[in-house]
*Asks:* 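This structure is in structure tokens; I'll ask about it shortly.
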Amino acid sequence: MSTPFTDVASEHALYNTKSRQKIQQTEFMTSAPTFRLCPADMGLEVAFAGRSNAGKSSAINALTNQRQLARSSKTPGRTQMINFFSIGDTNRRLVDLPGYGYASVPLEMKKEWQVELEEYLVSRSSLVGLVLMTDIRHPLKFFDEQMLHWAKDGELPVHILLTKADKLKYGASKNALLNTRKRLKQLGLNCTIQLFSALRKEGLDELAGVMGRWYDYQLDDGNIVETVIEENDSAQLDDFQDDNDHQADVGQAANK
């Protein structure tokens, strides 16, 4: 009996592309000023984190093919909300965590943000993966490494984007990728990593494929199929959304 030939590489590429198309359905859901005011801890969440100048907003906007979905600000503290986006429905969410690393932010405010971020990474049950962005020209600063260790403490998978890869020539970017992998090995951290450029739209499918696996997407006959999440979870999330329309409006206004 013959076995049908499967082009694994083509199927993998198709999965990545279809996952990106699914993720492009992302819509703003709500904002929370603290971990305790986040949506119900149900469903599946993938969080995006990085220093304030690492290109996090640009990465989210490029991935979702929406120019203004994630908003950035040059004013320290203005975008220090935890922003939640639904993908198709509220069961699968993308979370834009506050940027970190502003030198001009008061020390006490920095400490508050760090406590919130650590609590979220270690304690959030619905969090299934972290996308950490770091500038390829000076990757893995101190607080980047701190985030990675918190994720390790929470047994959370991490995928690292070396952003702004367009700023370096091809050889230099490959060397940066290799050196960062070596650094991760020295730190005892098992993370996946890739080159990424929001400007050139490079690395989008690879990132979407990683997220698709975290969201438990399945490829069936060329289409993405979502695994079913408990109905009770979905109902509670819908109730949360209904109760937080005002909070969402406030959150959007705060990020402008």
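Side chains included, hydrogens not; waters and symmetry mates left out as well; all remaining heavy atoms used. Residues: numbered from 1 along the sequence shown.
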*Asks:* Return the minimal non-hydrogen interatomic distance between Ala198 and Phe196, and the atom names on each side.
*Replies:*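 Looking at all heavy atoms of both residues, the closest pair is N-CE2, 3.6 Å.
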*Asks:* Grab the two heavy atoms, one from Leu162 and one from Leu177, that are nearest each other, plus how far apart they are.
*Replies:*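 That would be CD1-CA, 3.6 Å.
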*Asks:* Is it true that Val115 and Leu127 fall in one hydrophobic cluster, defined by side-chain heavy atoms closer than 4.5 Å?
*Replies:*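 Val115 and Leu127: separate clusters.
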*Asks:* Under 4.5 Å between any side-chain heavy atoms of Pro98 and Ile82, yes or no?
*Replies:*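 The answer is yes, as the side chains (C-beta and beyond) meet within the 4.5 Å cut-off.
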*Asks:* Apply salt bridge (charged side-chain N to carboxylate O under 4.0 Å, His left out) to residues Asp41 and Arg124 and explain how you reach the verdict.
*Replies:* CA-CA 7 Å; Asp41 194 2; Arg124 186 76 169 170; 3.6 Å; yes
*Asks:* Heavy atoms only: give me the nearest Gly212-Tyr15 pair and the separation to one decimal.
*Replies:*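 What the structure gives for the nearest pair is C-OH, 2.9 Å.
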*Asks:* Measuring from Leu44:CG to Ser125:OG, what's the distance to the nearest 0.5 Å?
*Replies:*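 It comes to 11.5 Å.
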*Asks:* As an exercise, state the distance from CG of Asp216 to CH2 of Trp214, rounded to the nearest 0.5 Å.
*Replies:*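 Spacing of CG (Asp216) from CH2 (Trp214) equals 13.5 Å.
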*Asks:* Say you draw a straight line from CZ of Arg51 to NE2 of His138; how long is it, rounded to the nearest 0.5 Å?
*Replies:*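 That separation rounds to 8.0 Å.
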*Asks:* For Val46 and Tyr215: C-alpha separation, side-chain torsions, deciding distance, then whether side-chain contact (heavy atoms from CB on, under 4.5 Å) applies.
*Replies:* CA-CA 8 Å; Val46 172; Tyr215 286 133; 3.6 Å; yes
*Asks:* Please check: side-chain N/O of Gln25 versus main-chain N/O of Ser86, any donor-acceptor pairing under 3.5 Å?
*Replies:*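 No, the answer is negative, given that no donor and acceptor are paired below the 3.5 Å cut-off.
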*Asks:* Applying the side chain to side chain contact (heavy atoms under 4.5 Å, CB included) criterion to Leu148, which one of Asp153, Leu121, Leu184 satisfies it?
*Replies:*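 Testing each of Asp153, Leu121, Leu184 against Leu148, the sole residue satisfying side chain to side chain contact (heavy atoms under 4.5 Å, CB included) is Leu184.
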*Asks:* Find the distance between CG (Leu161) and OG (Ser197) and round it off to the nearest 0.5 Å.
*Replies:*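 Atom-to-atom, Leu161:CG and Ser197:OG are 11.0 Å apart.
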*Asks:* Is there a donor-acceptor pair under 3.5 Å between the side chain of Lys164 and the backbone N or O of Leu199?
*Replies:*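 A pair under 3.5 Å: no.
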*Asks:* Going by heavy atoms in the side chains, are Glu116 and Arg36 under 4.5 Å from each other?
*Replies:*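 Side-chain contact under 4.5 Å: yes.
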*Asks:* For Arg92 and Glu45: C-alpha separation, side-chain torsions, deciding distance, then whether salt bridge (charged side-chain N to carboxylate O under 4.0 Å, His left out) applies.
*Replies:* CA-CA 6 Å; Arg92 289 171 172 83; Glu45 288 181 354; over 6 Å; no
*Asks:* With a 4.5 Å cut-off on side-chain heavy-atom distances among I, L, V, M, F, W and Y, is there a chain of contacts connecting Leu187 to Leu132?
*Replies:*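 The answer is yes; both residues are in one hydrophobic cluster.
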*Asks:* Show the nearest heavy-atom pair for residues Met133 and Val131, with the distance to one decimal.
*Replies:*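 Closest approach of Met133 to Val131: CE-O, 3.5 Å.
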*Asks:* Counting only heavy atoms from other residues, nucleotides and ligands, does the tally under 6.0 Å from CD of Glu27 exceed 12?
*Replies:*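 Incorrect, the count does not exceed 12.
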*Asks:* Verify side-chain contact (heavy atoms from CB on, under 4.5 Å) between Arg93 and Ile87, making sure each step is shown before the conclusion.
*Replies:* CA-CA 6 Å; Arg93 301 178 297 279; Ile87 302 177; over 6 Å; no
*Asks:* Please name the pair of heavy atoms, one in Tyr100 and one in Leu117, separated by the smallest distance, quoted to 0.1 Å.
*Replies:*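 For Tyr100 and Leu117, the tightest heavy-atom pair comes out as CD2-CD1, 4.3 Å.
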*Asks:* In the structure I gave you, are the side-chain heavy atoms of Phe84 and Cys38 within less than 4.5 Å of one another anywhere?
*Replies:*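 Side-chain contact under 4.5 Å: yes.
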*Asks:* Counting only N and O atoms by type, is there a donor-acceptor contact under 3.5 Å from the side chain of Thr134 to the main-chain atoms of Leu140?
*Replies:*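 Yes.
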*Asks:* Tell me, do Gln218 and Glu226 make a side-chain contact under 4.5 Å, heavy atoms counted?
*Replies:*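 The answer is no; the side chains never approach within 4.5 Å.
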*Asks:* side-chain contact (heavy atoms from CB on, under 4.5 Å), that's the test. Do Asp220 and Asn223 meet it? Break it down for me.
*Replies:* CA-CA 5 Å; Asp220 182 23; Asn223 295 306; 5.9 Å; no
*Asks:* Side chains of Gln146 and Asp144: any donor to acceptor distance under 3.5 Å?
*Replies:*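 No pair is found: no donor N or O on one side chain lies under 3.5 Å from an acceptor on the other.
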*Asks:* Once you round to the nearest 0.5 Å, how far does CG of Asp96 lie from CZ of Phe48?
*Replies:*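 Going from CG on Asp96 over to CZ on Phe48, the span is 8.5 Å.
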*Asks:* For the backbone of Met147 and the side chain of Lys152, can you confirm whether one donor and one acceptor N or O come within less than 3.5 Å of each other?
*Replies:*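 Not a single qualifying donor-acceptor pair exists.
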*Asks:* Looking just at side-chain N and O atoms, do Thr163 and Asp135 make a donor-acceptor pair shorter than 3.5 Å?
*Replies:*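 No pair is found: no donor N or O on one side chain lies under 3.5 Å from an acceptor on the other.
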*Asks:* Quick one: does Asn61's side chain have a donor or acceptor within less than 3.5 Å of a partner on Ala70's backbone?
*Replies:*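 Checked: pair present.
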*Asks:* I would like to know whether Val95 and Phe85 meet side-chain contact (heavy atoms from CB on, under 4.5 Å); could you show each step before the answer?
*Replies:* CA-CA 6 Å; Val95 184; Phe85 303 89; over 6 Å; no
*Asks:* Flag the pair Trp150 / Phe143 as yes when their ring centroid distance falls below 6.0 Å, and as no otherwise.
*Replies:*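 Yes: the rings meet the under 6.0 Å criterion.
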*Asks:* Please report the shortest heavy-atom distance between Leu207 and Gln194, naming the atom on each side.
*Replies:*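 Heavy-atom minimum between the residues: N-OE1, 3.3 Å.
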*Asks:* Spell out, as yes or no, whether a donor-acceptor pair under 3.5 Å connects the side chain of Ser123 to the backbone of Tyr120.
*Replies:*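 No; zero donor-acceptor contacts below 3.5 Å.
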*Asks:* Within a 6.0 Å radius of atom CD on Gln186, are there more than 12 heavy atoms belonging to other residues, nucleotides or ligands?
*Replies:*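 Buried by this count: over 12 neighbours within 6.0 Å.
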*Asks:* Once rounded to the nearest 0.5 Å, what's the spacing between atom OG1 of Thr64 and atom CD of Gln24?
*Replies:*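 Output value for this atom pair is 7.5 Å.
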*Asks:* Do Leu195 and Glu202 make a side-chain contact, defined as non-hydrogen atoms from C-beta onward lying under 4.5 Å apart?
*Replies:*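 No. Closest side-chain heavy atoms not under 4.5 Å.
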*Asks:* Less than 4.5 Å apart, side chain to side chain, heavy atoms only: is that true for Leu130 and His159?
*Replies:*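 With C-beta onward as the side chain, the pair stays apart.
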*Asks:* Find out whether Leu14 and His12 are in side-chain contact, i.e. whether some heavy atom of one side chain is under 4.5 Å from a heavy atom of the other.
*Replies:*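 Heavy-atom side-chain distance check fails, nothing below 4.5 Å.
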*Asks:* Could you pull out all residues at least two apart from Arg20 that satisfy salt bridge (Lys or Arg N to Asp or Glu O under 4.0 Å)?
*Replies:*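 If we apply the salt bridge (Lys or Arg N to Asp or Glu O under 4.0 Å) test to Arg20, skipping adjacent residues, the hits are Asp205.
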